[in-house]
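Note: hydrogens, waters and symmetry copies are ignored here, and every other heavy atom, side chains too, is used. None of these values were measured; they are calculated from a predicted model.
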Amino acid sequence: ARLGEGPLFRPVDRFGRLGEERLQGRAVARIVKRAAVHQARAAGFSEAEVAELAAVVGGHSLRSGFATSAAKAGMGEWEIMRQTCHKKRETLQQYIRLGTLFRPVTTILDL
């Protein structure tokens, strides 16, 4: 897009036109959910499994997944906090714990 200023992540309409405003958090959640559901269906999961997946996946899945993966890779908490902008260690630890709930989702998205 050769953007020189303004938000980096912006909405794109169905005609491919780039918006001027930043992409909203709800849009990110919808994109993540749609991608997870698409991958689950493509992998042959039942509609009940797809519905269960859709109920637990969202924008924060990305943050939890990053924090969990970084912790498993041996990154220090302060390094992870610097990336995720967490101010409290306790909050980060919740994200890392929550990230373990998404292990099946990670498997689906890696297909």
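- No donor-acceptor distance shorter than 3.5 angstrom exists from the side chain of S64 to the backbone of S61, with no hydrogens or angles considered.
- For K87, there are no side chain to side chain contact (heavy atoms under 4.5 Å, CB included) partners at least two apart in sequence or on another chain.
- To the nearest 0.5 Å, atom CD of residue Q93 and atom CE of residue M81 are 9.0 Å apart.
- Among residues two or more places apart in sequence or in another chain, the side chain to side chain contact (heavy atoms under 4.5 Å, CB included) test is passed with E49 by F45, S46.
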If you look only at distance, which donor and acceptor atoms sit under 3.5 Å apart when one is on a side chain in residues 14-22 and the other is two or more places apart or in another chain?
residue: R17; atom: NE; partner: D13; partner atom: OD2; Å: 2.8
residue: R17; atom: NH2; partner: D13; partner atom: OD2; Å: 3.0

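- Listed by first and then second residue, the salt bridge (Lys or Arg N to Asp or Glu O under 4.0 Å) pairs that reach into residues 35-46 are R41-E47, sequence neighbours excluded.
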Listed pairs under 3.5 Å, donor-acceptor, residues 26-36 side chains, sequence neighbours left out:
residue: K33; atom: NZ; partner: A54; partner atom: O; Å: 2.3
residue: K33; atom: NZ; partner: V57; partner atom: O; Å: 2.9

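- L8 and L3 get closest at one heavy-atom pair: O-CD1, 3.9 Å.
- In this view, T84 and R63, F66, I80, H86, L92 satisfy the side chain to side chain contact (heavy atoms under 4.5 Å, CB included) rule, not counting sequence neighbours.
- Remark: E52 CD is loosely packed, at most 12 non-hydrogen atoms of other residues, nucleotides or ligands lying under 6.0 Å away.
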